[in-house]
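For clarity, every value in this text was computed on a predicted model and none was experimentally measured. Residues: numbered from 1 along the sequence shown.
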Amino acid sequence: MFADSQKYHRRRRRMASLVGCEHYVRRCLLKAPCCGKAYVCRLCHDAEEDHQMDRFLVKEVQCSVCTTVQQAQQTCVECNVTFGEYYCDICHLFDKDKKQYHCQPCGICRIGPREKYFHCEKCNLCLAGDLRGNHKCVENVSRQNCPVCMEDIHTSRIGAQILPCGHLLHKTCFDDMVQTGAYRCPLCMHSAWNMEHNWEQMDKEITQSPMPTEYQDATVKAHTDGVYKTVRTHCLPSRTSTAPGVIKAKKIIYNLSHARPVHPAII
């Protein structure tokens, strides 16, 4: 009898350690308030159903070990299994410990630790501590969709990138943009990072390659960082180049010192 009891408890612990999904490590299922079905997480639910689960309305969970349905809480009332190392009773988020914390102004849980981040009231977003007083505020910036993929940024599990102009992109969208040779914010067309090194390199090449005499005084209206200027034209790419596609054809050495990451939300 004692041996059987030990075997049962070993099996229970093994089952508990294996429960979860590709999104979270947890030992319970959420009972969807919308359809009453049990799913490991709301993302798994949304992928299978034709509607979305509101995580804030979750009232009950089902223990993955003893199958007891109960009020949402961190520990099973029947078998005492811990559903998640981290639990938020607002978001009803269960997961392994990632130093998460719930940000009240953001309304969601985020990856911490909390002391490394602060909530910017104007941007209405949690930012890395070194950006305090060192970023350009854009009101409610994360409530806008990513200008590249047009998907939500604020509640996305994908990290975000804050540009010098203050606008946000998904980190993956930003990386893809860099790979295609794009170097400007899709919203305001300001440089996405410090381009001074590239401008110096281009100016040097232009100085070393004078235009033919009859074209040396030719000028054009050019747009750079939100300002239209009258500049001398040149066949080589420059910070105010008007030659179609010439910047994309130019190999640029990227200096990403001003492209700051923002930590991702946990949802």
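Here the side chain of H92 pairs a donor or acceptor atom with the backbone of R55 at under 3.5 angstrom. Looking only at distances, no side-chain donor or acceptor of R114 sits under 3.5 Å from a matching main-chain atom of C103.
Atoms CD and OG1, on Q74 and T82 in that order, are 6.5 Å from each other to the nearest 0.5 Å. For the atom pair CD of Q144 and CG of D152, the computed distance is 11.0 Å after rounding to the nearest 0.5 Å. Within the model, atoms CD1 of I158 and SG of C173 stand 6.5 Å from one another, a figure rounded to the nearest 0.5 Å. Summarising the geometry, atom CE belonging to M177 is positioned 6.0 Å from atom CG belonging to L163; distances are rounded to the nearest 0.5 Å. Taken to the nearest 0.5 Å, the CG atom of N145 stands 7.0 Å off from the CD atom of E151. Within the model, atoms NE2 of H135 and SG of C120 stand 3.5 Å from one another, a figure rounded to the nearest 0.5 Å.
Under the salt bridge (charged side-chain N to carboxylate O under 4.0 Å, His left out) criterion, K136 pairs with no residue at all, not counting sequence neighbours. Taking K116 as the reference, P113 meet the side-chain contact (heavy atoms from CB on, under 4.5 Å) condition, with sequence neighbours excluded. Partners of D176 by salt bridge (charged side-chain N to carboxylate O under 4.0 Å, His left out), not counting sequence neighbours: none found. Among residues two or more places apart in sequence or in another chain, the side chain to side chain donor-acceptor pair (under 3.5 Å) test is passed with E49 by K37, Y39. Applying the side-chain contact (heavy atoms from CB on, under 4.5 Å) criterion to Q104, with sequence neighbours excluded, gives I90, H102. Not counting sequence neighbours, D54 has no partner by the side chain to side chain donor-acceptor pair (under 3.5 Å) test. Listed by chain and number, the residues in a side chain to side chain donor-acceptor pair (under 3.5 Å) with H119 are N124 (sequence neighbours excluded). For the side-chain contact (heavy atoms from CB on, under 4.5 Å) test, no residue two or more places apart in sequence or in another chain qualifies with D50. Scored by the ring-ring contact (aromatic ring centres under 6.0 Å, His included) test, Y87 finds F94 as partners (sequence neighbours excluded). Here D175 pairs with K171 under the side chain to side chain donor-acceptor pair (under 3.5 Å) rule; sequence neighbours left out.
In this structure, the side chains of L125 and R110 come closer than 4.5 Å at one or more pairs of heavy atoms. Contact of the Q100 side chain with the D95 side chain is registered, since non-hydrogen atoms from C-beta on lie closer than 4.5 Å. No side-chain heavy atom of C146 sits less than 4.5 Å from a side-chain heavy atom of L168. Side-chain contact check for M53 versus L30: some heavy-atom pair is nearer than 4.5 Å. Between H45 and C35 there is a side-chain heavy-atom pair separated by less than 4.5 Å. Side-chain contact check for Y86 versus L93: some heavy-atom pair is nearer than 4.5 Å.
The cluster map of Ile, Leu, Val, Met, Phe, Trp and Tyr, joined by side-chain heavy atoms under 4.5 Å apart, puts F118 and V141 in the same cluster. A continuous path of ILVMFWY side-chain contacts below 4.5 Å connects V178 to L169, so both sit in one hydrophobic cluster.
Cation-pi check for R27 over F83 is not met; the charged atom does not lie both under 6.0 angstrom from the ring centroid and within 45 degrees of its normal.
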Which atom pairs, one a donor and one an acceptor, fall under 3.5 Å between side chains of residues 56-63 and the rest of the protein, sequence neighbours left out?
residue: E60; atom: OE1; partner: K31; partner atom: NZ; Å: 3.2
residue: Q62; atom: NE2; partner: T67; partner atom: O; Å: 3.3

**Prompt:** Given I162 and L131, is the side chain to side chain contact (heavy atoms under 4.5 Å, CB included) satisfied, shown in steps?
**Reply:** CA-CA 10 Å; I162 184 168; L131 291 178; 3.9 Å; yes
**Item:** Trace of the side chain to side chain contact (heavy atoms under 4.5 Å, CB included) decision for T68 with C79
**Value:** CA-CA 9 Å; T68 301; C79 66; over 6 Å; no
**Request:** Start with the C-alpha gap between S142 and C123, add the side-chain angles, then the distance that decides, and say whether side chain to side chain contact (heavy atoms under 4.5 Å, CB included) holds.
**Result:** CA-CA 7 Å; S142 72; C123 293; over 6 Å; no
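Closest heavy-atom contact between C91 and G107: SG-O, 4.2 Å. Taking each heavy atom of A160 and I153 in turn, the nearest pair found is CB-CG2, 4.1 Å.
Other residues, nucleotides and ligands contribute more than 12 heavy atoms inside 6.0 Å of the CD atom of E85. Applying the 6.0 Å contact sphere to CD of Q71 captures no more than 12 heavy atoms from other residues, nucleotides or ligands.
H190 and H167 have their aromatic ring centers separated by at least 6.0 angstrom.
Between the side chains of H154 and R143, at least one donor-acceptor pair of N or O atoms lies under 3.5 Å.
Sequence neighbours left out, not one pair with a member in residues 118-128 passes salt bridge (Lys or Arg N to Asp or Glu O under 4.0 Å).
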